[in-house]
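Presented below is the structure to which this report refers.
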Amino acid sequence: MAVGMSSPRPARTAAPHAADGEPDGPPAGPDALGAGLDPDDLPDGLVVADASGHVVCFNAAAARITATDRADAIGRPLETVLPLEDLKGKRWWPLTDPYNGLATRNGQPERNLLLPGGREVLVSARYVREHPTGPVRRVVVCLRGTEARRRTERSHAELIATVAHELRSPLTSVKGFTATLLAKWERFTDDQKRLMLETVDADAGRVTRLIAELLDISRIDSGRLELRRQPVDIAAAVARHIQALITAGQAADRFLVRTRGPLPDLWADPDKVDQVLGNLLENAVRHGEGTVTIDIAPAPAPGACDETGTAVTVSDEGPGIPEESMSRVFTRFWRGSKRGGTGLGLYIVKGIVEAHGGTITVDRGPGGGAEFRFILPVSMPAYLV
């Protein structure tokens, strides 16, 4: 054995091995785990050492993660094949000592360790014993790369930073105006008080919308987005959103709605459909230019040969989205311009559409601007079919 790991207890004799179904030699294939199971089918790295501490199984994922050939690993001591160190530079196997350590231990929880060259991996281990305090018969090591976890951690850090940034401004405003009104109420006119309270109300609305977005992201990521399907008149929903934008100050002639019918009956969550339409139309107005065109038409349902769905296309005549950015439009925190927004809206839109079984795409519109098109299947309840 290489220096740094205590020698394991002597391997058992051939007779007990045979009684337990344990081969004396170091099997290198699926038989190391049992008939019919190929270690190379596992998504994580798997390394198995026998009672003598020599590697008997080294799957393809382990070879990829450690950059070690299977042929160079089989039959060699475990601590030589996996010369792991903790983040302080201490060698891991002498610290854990699976073969001669405490007889009550049955493994090691997952932790970050380093391979030669500073490559970081997630390692967990299981000590297989004949009975709870008996000698170790096998050491099973699971290896995972850290890239996916790093991406998740970066995404969470970005989310926290975005939330903190978006909350700071409205909460500062709310705190400032309420403190001023409480301290100097008599000094302000009714018009001044109304203006301050309207500002507080608008900023509180921003905070409420941000919290709603975060809840939606949580439900989408966990697959818990609930849909309450009802008959939806999507043409009427589009008309409502356009009227709201006109009431808010947009010119009526900026919007063009074209409906090709007859449209199929659509069963969807009306609140979620309103959320999708509101986000796409607001983006077209805020980030686009010229006429905003909304086309509503029947279309083949996604993934169905004979089912009809409803397609809604929202396009504008602005600068559009650069070709190299189109693949990132529906990711978190993507912003098409510096005109505000959290960068979460289109991510939520995609999650809502896909939860309905639909699809959404982005392209360049006929007028040169951005064109978003989503298709929702009819999704009529079975008892009505």
Side-chain angles (χ1 to χ4, degrees), residues 205 209 212-213 216 220 225 227-302 307-318 320-321 329-330 336 339-341 344-380:
R209 286 192 297 273
E213 288 182 342
D216 285 336
I220 289 169
L225 188 66
L227 300 178
R228 295 177 174 84
R229 296 183 186 271
Q230 302 174 28
V232 174
D233 186 341
I234 200 159
V238 169
R240 286 198 309 272
H241 282 278
I242 291 176
Q243 187 57 49
L245 290 168
I246 293 171
T247 303
Q250 296 295 325
D253 59 0
R254 188 176 180 187
F255 302 95
L256 172 62
V257 180
R258 299 184 298 207
T259 303
R260 288 194 298 110
L263 297 174
D265 295 331
L266 175 65
W267 286 73
D269 188 317
D271 292 335
K272 298 293 189 293
V273 171
D274 279 341
Q275 194 172 349
V276 171
L277 292 173
N279 193 290
L280 295 181
L281 288 171
E282 184 179 345
N283 279 352
V285 169
R286 179 187 296 176
H287 305 294
E289 298 173 3
T291 301
V292 176
T293 303
I294 303 97
D295 289 295
I296 310 170
E307 186 178 355
T308 301
T310 301
V312 179
T313 305
V314 179
S315 58
D316 61 74
E317 299 174 342
I321 298 171
V329 164
F330 297 108
R339 300 180 187 176
L344 301 174
L346 290 176
Y347 177 83
I348 294 172
V349 163
K350 183 174 184 289
I352 291 174
V353 170
E354 291 181 347
H356 280 85
T359 59
I360 185 168
T361 57
V362 60
D363 207 338
R364 186 168 294 277
E371 178 183 277
F372 289 89
R373 173 183 169 88
F374 69 90
I375 303 176
L376 296 179
V378 172
S379 298
M380 185 178 294

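Below, all heavy atoms of this structure are taken into account, side chains as well, without hydrogens, waters or symmetry copies. Model, not experiment: these values are computed from the prediction.
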Residues Q275, D216; criterion side-chain contact (heavy atoms from CB on, under 4.5 Å); working and verdict: CA-CA 11 Å; Q275 194 172 349; D216 285 336; 2.8 Å; yes
V329/F372 under side-chain contact (heavy atoms from CB on, under 4.5 Å): CA gap, chis, key distance, verdict: CA-CA 10 Å; V329 164; F372 289 89; 3.7 Å; yes
Residues F374, V349; criterion side-chain contact (heavy atoms from CB on, under 4.5 Å); working and verdict: CA-CA 10 Å; F374 69 90; V349 163; over 6 Å; no
Evaluation steps, salt bridge (charged side-chain N to carboxylate O under 4.0 Å, His left out), between D295 and R258: CA-CA 5 Å; D295 289 295; R258 299 184 298 207; 2.7 Å; yes
Audit row: D271, R228, salt bridge (charged side-chain N to carboxylate O under 4.0 Å, His left out) steps and yes/no: CA-CA 9 Å; D271 292 335; R228 295 177 174 84; over 6 Å; no
Test side-chain contact (heavy atoms from CB on, under 4.5 Å) applied to V276 and V312, step by step: CA-CA 10 Å; V276 171; V312 179; over 6 Å; no
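Here CD1 of I375 is found 4.5 Å from OG1 of T359. Values are rounded to the nearest 0.5 Å. With rounding to the nearest 0.5 Å, the separation of CG in L280 from CZ in R373 is 13.0 Å. Note: D274 CG to R240 CZ = 5.0 Å, rounded to the nearest 0.5 Å. With values rounded to the nearest 0.5 angstrom, W267 atom CH2 is found 15.0 Å from L376 atom CG. Here D265 contributes atom CG and D233 contributes atom CG; the two are 9.5 Å apart, rounded to the nearest 0.5 Å. The distance from the CD1 atom of I242 to the CZ atom of R254 is 11.5 Å, given to the nearest 0.5 Å.
With contacts defined as side-chain heavy-atom distances shorter than 4.5 Å, the pair V362/L346 does not qualify. For the pair L225/K272, a side-chain contact is recorded, criterion being any heavy-atom separation below 4.5 Å from C-beta on. At least one side-chain heavy atom of F255 sits under 4.5 Å from a side-chain heavy atom of I246. The closest side-chain heavy-atom distance from E371 to P366 is below 4.5 Å. Side-chain contact between I294 and L281 is present, with heavy atoms from C-beta onward closer than 4.5 Å.
Of all the heavy atoms in A268 and V232, the pair that sits closest is O-CG2, 3.5 Å. Of all heavy-atom pairs between A311 and A299, the closest is CB-CB, 3.7 Å. In terms of heavy-atom proximity, A284 sits nearest to V314 at CB-CG1, 4.1 Å. For A355 against L227, the heavy-atom pair with the smallest separation is O-CD1, 3.3 Å. When all heavy atoms are compared, the tightest approach of I220 to I352 is CD1-N, 4.4 Å. Scanning all heavy atoms of the two residues, the minimum distance from V378 to T308 falls at CG2-O, 2.6 Å.
Looking only at distances, no side-chain donor or acceptor of R260 sits under 3.5 Å from a matching main-chain atom of I296. Formation of a donor-acceptor pair under 3.5 Å by the H241 side chain with backbone atoms of E282 is not found in this model. With hydrogens and angles ignored, the 3.5 Å screen pairs a side-chain donor or acceptor of E317 with a backbone N or O of T291.
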